[in-house]
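So the structure is just underneath, and the comments pick up after that.
Here is the naming used below: chain letters follow the sequence lines, and residue numbers restart at 1 for every chain. The basis for the numbers below is simple: all heavy atoms, side chains too, and nothing from hydrogens, waters or symmetry mates.
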Amino acid sequence: MKDYLDGLNHAQKDAVINYQGPSLVIAGAGSGKTRVLTFRIAHLLKNGVKPYEILSLTFTNKAAKEMCERISLIVGSQTTKYLWMGTFHSIFARILRKEAEHIGFVSNFTIYDTADSKNLLKSVIKEMALDPNVYKISGVLSRISSAKNDLITAEMYQSNNQLIAHDRQSKMPELSRIYKLYVTRCRNNNAMDFDDLLLNTNVLFRNKPEVLEKYQEQFKYILVDEYQDTNFSQFLIIKKLSAKHRNICVVGDDAQSIYSFRGAKIENILNFRNDYPEYQLFKLEQNYRSTQNIVNAANSVISKNRKQIKKDVFSENDEGELIRVFELYTDAEEGYLVANKINDLRMSEHYHFRDFAILYRTNAQSRIFEESLRKKNIPYRIYGGLSFYQRKEIKDILAYCRLVVNKNDNEAIKRIINYPKRGIGDASVDKIEEISLQAGVSMWHFISNIDKNPELATSGRLMKPLLVFREMISSLTLRQDEYNAADMLIQIARESGMLKEMHSDQTPEGISRYENIQELMNAVQEFVSTFESTEEVPTLANYLQNVALLTDQDTEKGENDVVTLMTIHASKGLEFKNVFLVGMEEDLFPGELSTHSASDLEEERRLFYVAVTRAEKNLVLSYAKSRYKWGTLSARKPSRFIQEIDAKYLDWQAGESQNNRTFNQSFKGRTTIEDEKFAEQQNVTKQMNQTGDLQIPESQNSSFKTSAKLNLKAGDIVEHQKFGIGQVLQINESGSNSVAIVNFQNGGSKQLLLKFANLRVIKK
DNA sequence: CCGGTGTGGATTTTT
DNA sequence: TCCACACCGG
């Protein structure tokens, strides 16, 4: 008996040691899925399989990294280093770079993220002189994306009568041509979008059987995590790669398939038995995470779905508390309740803030909870929103890097040719693009030859800045292999003028931008340092290779003790001692979505299941009987899914304080709570208390947007959207701009350019 | 380069 | 209703 297997239960162990042939591991929520996956790989390695013969695919970098670390603990990091472990996109990007010439790309191709794709698509639609109100960027892009995920190339699209008919019916007959031109432009730019990484891998394997064979031979064992979330394109890659050895292990839970809107096909996991008839089935059914009540309640909901693989998830933990359902009158009341409950539980059970999560269906729902948490001085962190790599300043500086590495990247050049401003205006950029497109060359090619064709410079004024720009980029390009990525980044930041631009901007936004650049530099420095013991050189090109595939979660900082707010989608795979599932009204969640087919309903039910199974100890469901949406207050009903939970697991409670509180249902304003405590808060003299904290009453009519006309004076208390509460120390008038120096509660004093500041006045 | 005005869109989003 | 954006005029 090998000791490293001892900690596994029977089912887990079975799934680990039977590693030959196709395996389907159905892993119920909280059943130790990652454990099985890591131990299975470790077990393969212990049984003499070479690390480079193992291909292990995940959906997030975080999952890959975590798994790698856990395997290292068993077999050592020298071995795991050679595993092919990563996200679908990063692994196949790696293969595509290696084999780029087989499909007509250059190895240094740029990976376009969604924003890049949108920009490109925008200019395609403009180029084709189509009405952008008819051809909406996001709609068109999602059509193209789903075509790609179904492996329908532009050529196939064109000759697919059904699709063409559909487009004609939806009044977008040009979609097929847009798709084609978009693909052409990507190719011209030597760029691939996310979907291309998968599509082109399929194309590569289809067109070059000898290449496919090479990888089929190499990857003797293939493992796929979260198999229920794979799309058709991913499915086919796996199928092709595993065709030779047929040692494929897929792990997942059909009950947690919640990404169909992104092309995920639950059928992939449901039909595994048909694709690999000789498969072995392993079911992990013991849930180690949650109390019996939570597990049983979750089961009672998901059992109503038709499309599913039968399993019997159970818990041997304590029976636990009943699930509490709170019916409240308004969202403000809901926020108040959640904040109160967090404090109560924290006091009575000694939980940390990080033991709490507030989960909701859509990001927009977070606001009311932010407010209520802030009022009670409960620290929190919102996940979602703009990711680090999506920030303008980061995208800008990376665009410089991209251009240095890939001269065909027109999207990059357009982004930074006049940033910081150097006198090459929009009209000139359009002209340059037009001429170079007609000439069939990249914009960079045109610019770098501008002195040979001076007559092409649209105006004499343009020549000089173009030459300066060319000189800067050329000079950086020459250096790119001499210096490492970190040094290059600094040089780019300096020589482009970006650093200067950032530095001179002393608004809080400007300061934060500067800090972001700094943070990027740290990340690059870290990347460089991982190369220390290797012979490879951490060039800028190397760094750029996967940067588009990084997301915010990968740069996660050390975890603070804070309450977590996120969407249910984002919570997948995580667990919390106490979960508040809020906004559980029918129209938000769900049943009455605009499109409600039977399978949509089932997916919503799975989403609900995912949410419920995040909780370990306490689960609170809440909904408001009335809620503002788009400015209108209307009556709400509880989500049908609450009723679908077997009633014996529920503890219904009306608004907690009906005894000592009266509810104002006249709905004037959003606050309808009128209890002593709250009234007290309203009357609190708005000043700093001993600890320097502020007790802030909800101000009724002030909003964040009228900052330009605030007329602040020293001594005023203000609230900034990002920086929180502070007191104005001083106002400086400089020309037409007023600058306030504000002392913020947390984060010291900052200068605010009032024009830009998202301020509201708390007290004059 | 700005500020004012008009318009359209308002699920979820691991890559 | 509330936000981001495109557009226009000074």
Side-chain angles (χ1 to χ4, degrees), chain A residues 57-66 86-93 111-118 122 126 132-134 136-139 141-142 145 148-149 192-199 225-226 228-231 233-234 256-264 359-365 367 383-387 389-390 421 425-426 546-554 566-574 583 587-590 592-596 600 603-604 606-608 610-611 627-634 670 703-705 708-709 721 735-737 755-756 758:
Chain A
L57 298 167
T58 61
F59 275 82
T60 64
N61 296 303
K62 201 173 156 201
K65 201 174 137 202
E66 250 172 52
T87 63
F88 277 89
H89 292 84
S90 70
I91 293 282
F92 296 117
I111 297 172
Y112 280 174
D113 67 15
T114 315
D116 299 323
S117 303
K118 280 186 177 168
K122 200 193 255 172
K126 196 173 156 197
N133 290 322
V134 176
K136 304 228 172 68
I137 308 290
S138 56
L141 194 63
S142 79
S145 171
K148 283 180 176 175
N149 286 333
M192 297 191 196
D193 64 21
F194 287 143
D195 303 317
D196 285 334
L197 294 173
L198 306 172
L199 174 65
D225 193 12
E226 305 279 15
Q228 77 281 356
D229 288 332
T230 50
N231 61 33
S233 191
Q234 291 162 325
Q256 296 185 59
S257 167
I258 54 173
Y259 279 105
S260 72
F261 66 92
R262 291 182 48 172
L359 305 182
Y360 35 77
R361 180 62 219 271
T362 71
N363 282 315
Q365 287 171 268
R367 230 183 82 181
Y383 291 77
L386 208 58
S387 112
Y389 292 96
Q390 307 272 35
K421 298 205 182 313
D426 288 352
N546 286 320
V547 78
L549 301 175
L550 293 179
T551 60
D552 228 15
Q553 262 123 29
D554 307 320
M566 54 169 59
T567 63
I568 300 165
H569 280 91
S571 75
K572 191 152 154 228
L574 305 177
D587 61 331
L588 278 169
F589 197 132
E592 285 186 3
L593 294 178
S594 50
T595 55
H596 56 288
D600 285 341
E603 178 153 326
E604 292 294 325
R606 292 196 291 269
L607 190 59
F608 185 71
V610 167
R627 191 180 294 271
Y628 282 91
K629 195 180 187 185
W630 301 339
T632 331
L633 187 76
S634 52
R670 309 188 61 158
S703 87
F704 276 111
K705 67 176 184 190
K709 289 149 193 153
Q721 259 183 339
S736 57
N737 296 331
K755 232 188 312 198
F756 295 116
N758 293 309

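- The phosphate of B:dA10 has neither OP1 nor OP2 within less than 4.0 Å of any side-chain N or O from A:Asn363.
- Between A:Ser90 and A:Lys421, the residue anchored closer to the 5' end of DNA chain B is A:Lys421, taking for each the nucleotide with the nearest heavy atom.
- One atom, CZ of A:Phe59, and another, P of B:dT12, lie 20 Å apart when rounded to the nearest Å.
- Side-chain contact between A:Asn231 and A:Tyr259 is absent, with no heavy atoms from C-beta onward closer than 4.5 Å.
- With its ring centre under 5.5 Å from that of the base six-membered ring and a plane angle below 30°, A:Phe261 counts as stacked on B:dT12.
- Close to B:dT13, at under 4.0 Å from its OP1 or OP2, lies no side-chain N or O of A:Thr114.
- Nucleic acid contact for A:Asn133: none, since no nucleic acid atom lies under 4.0 Å from a heavy atom of the residue.
- Shown here, B:dT12 is classed anti by the O4'-C1'-N9-C4 or O4'-C1'-N1-C2 angle, which is more than 90° from 0.
- One interatomic measurement links the two molecules: CG of A:Leu197 to P of B:dT14, which rounds to 16 Å at whole-angstrom precision.
- Salt bridge present: A:Asp229 and A:Lys572 bring a charged side-chain N and a carboxylate O closer than 4.0 Å.
- We find that CG of A:Asp113 is positioned 15 Å from C1' of B:dT14, with the value rounded to whole Å.
- In this structure, the nucleotide among B:dT14, B:dT11, C:dC3 sitting nearest to the side chain of A:Arg367 is C:dC3.
- Base contact: A:Tyr259 has a heavy atom under 4.0 Å from a base atom.
- Out of B:dT12, B:dT14, C:dA6, the shortest distance to the side chain of A:Thr567 is found at B:dT12.
- B:dT14 atom P lies 12 Å from atom NZ of A:Lys62, rounded to whole Å.
- Atom pair A:Gln390:CD and B:dT13:P shows a separation of 12 Å (rounding to whole Å applied).
- Between A:Ile111 and A:Asp116, the shortest heavy-atom contact is O-OD2, 4.2 Å.
- Contacts of A:Phe92 classified as ring pair (Phe, Tyr, Trp, His ring centres under 6.0 Å), with partners at least two apart in sequence or in another chain: none.
- Protein atom CG of A:Asn231 is 21 Å distant from nucleotide atom P of B:dT12, rounded to whole Å.
- Between B:dT12 and C:dC3, the two P atoms lie 16 Å apart (nearest whole Å).
- Separating the CG atom of A:Asp195 from the P atom of B:dT13 is a distance of 17 Å, rounded to the nearest angstrom.
- With hydrogens and angles left out, the side chain of A:Arg361 and the base of B:dT12 share a donor-acceptor pair within 3.5 Å.
- Between A:His569 and A:Phe261, the ring center distance clears the sub-6.0 Å criterion.
- Every residue two or more places apart in sequence or in another chain was checked for a ring pair (Phe, Tyr, Trp, His ring centres under 6.0 Å) with A:Tyr112, and none qualifies.
- DNA chain B is contacted by both A:Glu226 and A:Ser138; A:Ser138 maps to the nucleotide lying nearer its 5′ end (nearest heavy atom per residue).
- Rounded to whole Å, the separation between the P atoms of B:dT13 and C:dC2 comes to 23 Å.
- When rounded to the nearest whole Å, the span between CD1 of A:Ile137 and P of C:dA6 equals 10 Å.
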